[in-house]
Number of protein chains: 2
Amino acid sequence: MNSDFTLAIHSLTYLALQLDRMSTSDAISESAGVHPVRIRKVLSLLKKHGFIKSKEGTGGGFIFARDLSEVNLWDIYKITSEGALQPKCPDSNEACVVGANMQRVLISIFLGAEEHLGEYLKHYTLKDIVDLIHKEK
Amino acid sequence: MNSDFTLAIHSLTYLALQLDRMSTSDAISESAGVHPVRIRKVLSLLKKHGFIKSKEGTGGGFIFARDLSEVNLWDIYKITSEGALQPKCPDSNEACVVGANMQRVLISIFLGAEEHLGEYLKHYTLKDIVDLIHKEK
DNA sequence: CATTCTGTAACACTTAGTCTTACAGTACAG
DNA sequence: CTGTACTGTAAGACTAAGTGTTACAGAATG
C-alpha cells in the first residue's frame with residue numbers, strides 16, 4: 001500500500017487536533033517522521049481536493065477545511081492510492097488462451113476488490129481516527 | 001499488489017486447462033510472458049502448500065493437485081501476498097500524540113481491510129477463473 | 001551416461017519510492 | 001519596502017524492491 005495514503009491520514013489527523021490554528025509542514029513532518037517536502041506534496045493534493053486550506057507567509061500553514069465526520073478514509077484512498085490494488089500484469093502471450101484472457105479477467109476481479117475495500121474504508125471517518133488515537137495507548 | 005499473486009493465478013489456470021498431463025515451467029512462462037526461473041519460484045511456493053505436484057526429469061513438469069472448485073483466490077493471496085495491504089509507516093515521533101499512536105491505529109484498520117478483502121476473494125474459485133477465461137473474448 | 005526437466009542461489013539490471021537541495025512566490029511585520 | 005517565515009514545485013541523488021539472467025546441482029528417463 002502506498003504510503004501517501006498513510007501520510008495523508010497522519011496529516012489530516014494532526015490538523016484535526018489543531019482545528020483552531022494553522023500548522024506548518026515542518027511540524028507535521030516532524031510528527032510523521034518524514035521530510036517536510038514530502039508532506040507538502042501530500043498536503044498539496046489534499047488541498048487540491050478541498051480537504052484543507054493553506055496560507056503562505058508568516059503565521060501561515062495548513063488547516064482543516066471540512067467537518068471531521070464528513071471525511072472518510074475512502075475519500076482519501078481515492079485521491080492518493082486509487083488503482084493500488086491493481087496488479088501489474090506483464091504482457092502475456094496473446095497466442096495462448098490463458099495469456100490472452102488473463103489480464104481482462106484479473107482486472108475485473110480487482111476492480112471489484114477495490115470497490116469492496118471502499119465499502120470498508122467508508123466506515124472510518126476522520127473523527128473515528130481521532131477517537132482511536134485517544135483511546136487507550 | 002504483488003505480481004506473484006497474478007503469476008500464481010496465471011500458472012494455476014494454465015495447469016487447470018491441462019489437468020491430464022504435466023506442463024513445464026518453460027511453457028507456463030511463455031504464456032505468462034516472464035522468465036522461467038521466476039515461474040519456478042512461484043510454482044515452488046504453490047507446491048510447498050500442496051496446490052500442485054511436480055516431477056523432475058524428462059517428461060516432468062507441474063500438475064494440479066486439488067479439485068478446481070476447492071481452491072480460491074484467498075488461498076493464493078494468503079501464500080503470495082499476505083500483508084501486502086499493510087502500509088509501511090515510517091517511524092513517527094513518539095513525543096507527538098499523533099505520531100505515537102497512528103501506527104497502531106492504521107495497522108488495526110488495515111488488518112480489518114485485509115480480512116474484508118479475503119471475504120471477497122474467497123468467492124472466486126479456480127473453476128470460476130477458468131470459466132471467465134473462456135467466456136466471450 | 002546424455003538429455004530434460006526441477007530447484008535454488010547469486011548477481012545484474014530496472015523501476016519505483018524516498019530524501020534532499022534549491023529556489024520562486026506569497027504574506028506579514030517592522 | 002525589506003527581512004523573515006512560510007507554501008509550492010522542480011530536479012537530482014539516493015535507496016529499496018522487483019525483475020531478469022546466468023549458472024549449476026539434483027532427479028528422472030531412455
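Numbers restart at 1 for each chain; the letters A, B, ... are given by sequence-line order, proteins then strands.
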Can you list everything that forms a side-chain hydrogen bond (donor to acceptor under 3.5 Å, both in side chains) with A/E56? Sequence neighbours excluded, please. none
Side chains of B/T125 and B/D128: donor-acceptor distance under 3.5 Å anywhere? yes
Sub-4.0 Å heavy-atom contacts from residues 73-84 of chain A onto DNA chain C, ordered by number: none
Out of curiosity, B/F110 CZ to A/L117 CG, how far, rounded to the nearest 0.5 Å? 7.5 Å
Counting only non-hydrogen atoms, which of residues 30-37 of chain B are less than 4.0 Å from DNA chain C? B/V37
Tell me, do B/L73 and B/Y120 make a side-chain contact under 4.5 Å, heavy atoms counted? no
Could you report the tightest heavy-atom contact between B/R38 and B/S3, atom names first, then the distance? NH2-OG, 2.7 Å
Residues that B/K122 engages under salt bridge (charged side-chain N to carboxylate O under 4.0 Å, His left out), provided they are two or more places apart: B/E119
Pick the closest DNA chain D nucleotide for A/D26 and for B/S3 by heavy atoms, then say which residue is nearer the 5' end. A/D26
Within residues 10-20 of chain B, residues whose heavy atoms come under 4.0 Å of DNA chain C: none
So do the side chains of A/Q86 and A/I107 get within less than 4.5 Å of each other, counting heavy atoms only? yes
Go through the structure and list residues passing ring-ring contact (aromatic ring centres under 6.0 Å, His included) with B/Y77, not counting sequence neighbours. B/F5, B/W74
Rounded to whole Å, how long is the line connecting atom CD1 of A/I63 with atom P of D/dC6? 15 Å
Can you name the residues that form a salt bridge (charged side-chain N to carboxylate O under 4.0 Å, His left out) with A/D75, not counting sequence neighbours? none
Just to verify, what does B/T24 make a side-chain hydrogen bond (donor to acceptor under 3.5 Å, both in side chains) with, not counting sequence neighbours? none
Would you say that A/L121 contacts A/N72 through its side chain, given a criterion of any heavy-atom pair below 4.5 Å between the two side chains? no
With sequence neighbours excluded, what pairs up with B/R40 under the salt bridge (charged side-chain N to carboxylate O under 4.0 Å, His left out) test? none
Any residue of residues 38-56 of chain A with a heavy atom less than 4.0 Å from an atom of DNA chain D: A/R40, A/S44, A/K47, A/S54, A/K55, A/E56
State whether the number of non-hydrogen atoms from other residues, nucleotides or ligands found under 6.0 Å of A/E82 atom CD is greater than 12. yes
Taking atom NZ as the centre, does A/K53 end up with more than 12 heavy-atom neighbours from other residues, nucleotides or ligands that are less than 6.0 angstrom away? no
Going by side-chain hydrogen bond (donor to acceptor under 3.5 Å, both in side chains), name the residues that satisfy it together with A/K127, two or more places apart in sequence or in a different chain. A/D131
Considering only heavy atoms of chain B and a distance under 4.0 Å, specify the first and last nucleotide of DNA chain C in 5' to 3' order that meet this criterion. C/dT3 to C/dA9
